[in-house]
Chemist: 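This is the structure, below, for whatever I ask next.
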Amino acid sequence: MNAKHKRKTGTGEIKFYSRVKQKINTGKNLFYLLKILVMKIAICGKGGVGKSTIAALLCRALLEKGYKVLAIDADPSPHLARLLGFKEADKVTPIAEMKDLLAARAEKEGPFYSLNPKVDDLPEKFTLVRNGLKLMVLGAIKEAGGGCACPEQTVLRRLLSFLLLQSKEAIVIDLEAGVEPFGRATISAIDAVLIVVQPYLGSIETAKQIAKMAKDLGVKNIFFVGNNISDKEDIVFLEKELDSPLLVYFFNNKDLAGAERSGQSVIEIDEPKKIAHLLVEKLEKQLSTNG
């Protein structure tokens with residue numbers, strides 16, 4: 001191959017493929033490469049617990065470890081673009097708000113519309129890219145089969161399914177609260193649900209509800225991630241109330257809080273970055289073991 005056509009490989013990619021090669025060479029988890037390379041992670045939690053921040057940190061950690069990453073912002077108040085450091089993030093229009101586009105794709109005529117709208121060209125048209133990280137801002141996606149049979153939502157759910165089932169990269173989805181937008185066919189593409197929880201009862205109750213719903217839909221890997229932790233007592237309290245260990249936990253961080261208040265990106269702050277890298281390692285281990 002001509003030198004000028006050779007693909008530049010980053011340090012993170014070299015380390016990543018070294019880990020994969022080691023797994024395969026030792027005869028362990030031959031499914032590891034395919035499964036882990038394209039892991040699909042949904043991040044949920046009660047509003048205000050910091051799920052978007054953790055989604056952003058996870059995206060950056062995956063990228064630094066050599067993954068190709070697609071972030072999907074499916075929150076009704078999307079701000080993942082800002083947290084990830086995209087320029088002019090405040091000018092990004094969620095696809096959920098592009099009413100004319102959605103109506104056209106739904107082929108709406110009076111009360112009739114297509115149940116199988118064309119969406120395969122939308123990712124190329126509306127995906128943002130920054131430093132190798134892809135981002136699609138979908139906006140709010142309502143519950144499948146939950147009384148919202150509007151054509152616009154049909155297009156959004158179809159697009160989300162297309163991304164999950166066809167994308168050849170790791171995907172991190174920032175969701176409004178739980179896994180309501182997924183039907184049983186789509187949820188099968190999700191490798192793990194991360195439920196972000198803070199040490200107070202309202203957050204814990206919502207986390208339990210999300211976990212139950214995900215389990216009922218057949219999600220095998222459901223993990224709790226602690227956030228805004230002050231001390232060991234918070235960890236003990238959460239694990240007792242949830243009756244489950246935390247996969248990882250993020251402590252209170254003044255720099256992180258300051259970045260949030262000032263509307264800055266959060267992905268360059270050292271301590272949270274370290275925990276996000278640990279989160280990737282824990283996910284790799286769990287998914288290679290549990291499938």
Chemist: Could you tell me which residues satisfy side-chain hydrogen bond (donor to acceptor under 3.5 Å, both in side chains) with H277, sequence neighbours excluded, listed by chain and number?
Modeler: E64
Chemist: Taking the side chain as everything from C-beta on, heavy atoms only, tell me whether Y67 gets closer than 4.5 Å to M39.
Modeler: yes
Chemist: Hey, does K273 have a side-chain heavy atom less than 4.5 Å from the side chain of I267?
Modeler: no
Chemist: Taking only Lys NZ, Arg NE, NH1 and NH2, and the carboxylate oxygens of Asp or Glu, determine whether K208 and D243 approach each other closer than 4.0 Å.
Modeler: no
Chemist: Taking the basic N atoms (NZ, or NE/NH1/NH2) and the acidic carboxylate oxygens, is any pair closer than 4.0 Å for D270 and K274?
Modeler: no
Chemist: Between the side chains of K99 and E152, is the shortest nitrogen-to-carboxylate-oxygen separation below 4.0 Å, so that they form an ion pair?
Modeler: no
Chemist: Indicate yes or no for a side-chain donor-acceptor contact from R130 to the backbone of L84 under 3.5 Å, with no hydrogens or angles considered.
Modeler: yes
Chemist: Nearest 0.5 Å please: distance from the CG atom of D73 over to the NE2 atom of H79.
Modeler: 7.5 Å
Chemist: So how far is it from L57 CG to I275 CD1, rounded to the nearest 0.5 Å?
Modeler: 10.0 Å
Chemist: So, for C59 and A71, which heavy atoms are closest and what is the spacing to 0.1 Å?
Modeler: SG-CB, 3.6 Å
Chemist: Looking at every non-hydrogen atom in both residues, tell me the closest pair between L246 and G226 and how far apart they are.
Modeler: CD2-N, 3.9 Å
Chemist: I'd like to know if the side chain of T154 reaches the main chain of L115, judged simply by a donor and an acceptor atom lying under 3.5 Å from each other, with no hydrogens or angles considered.
Modeler: no
Chemist: With a 4.5 Å cut-off on side-chain heavy atoms, are R82 and E260 touching?
Modeler: yes
Chemist: Does the side chain of S244 pick up a donor-acceptor pair with the side chain of E239 at under 3.5 Å?
Modeler: no
Chemist: Evaluate the side-chain proximity of F223 to I195: yes if any heavy-atom separation is below 4.5 Å, no if none is.
Modeler: no
Chemist: Find out whether P123 and L163 are in side-chain contact, i.e. whether some heavy atom of one side chain is under 4.5 Å from a heavy atom of the other.
Modeler: yes
Chemist: Do E169 and V69 have side-chain heavy atoms sitting under 4.5 Å apart?
Modeler: no
Chemist: Would you say the side chain of R105 lies within less than 4.5 Å of the side chain of Y113, judging by non-hydrogen atoms?
Modeler: no
Chemist: Do D255 side-chain atoms and I269 backbone N/O form a donor-acceptor pair below 3.5 Å?
Modeler: no
Chemist: Once you round to the nearest 0.5 Å, how far does OG of S288 lie from CD of E284?
Modeler: 8.0 Å
Chemist: Do L238 and I204 have side chains that get closer than 4.5 Å, going by heavy atoms?
Modeler: yes
Chemist: Salt bridge between E107 and K118, side-chain N to carboxylate O under 4.0 Å?
Modeler: no
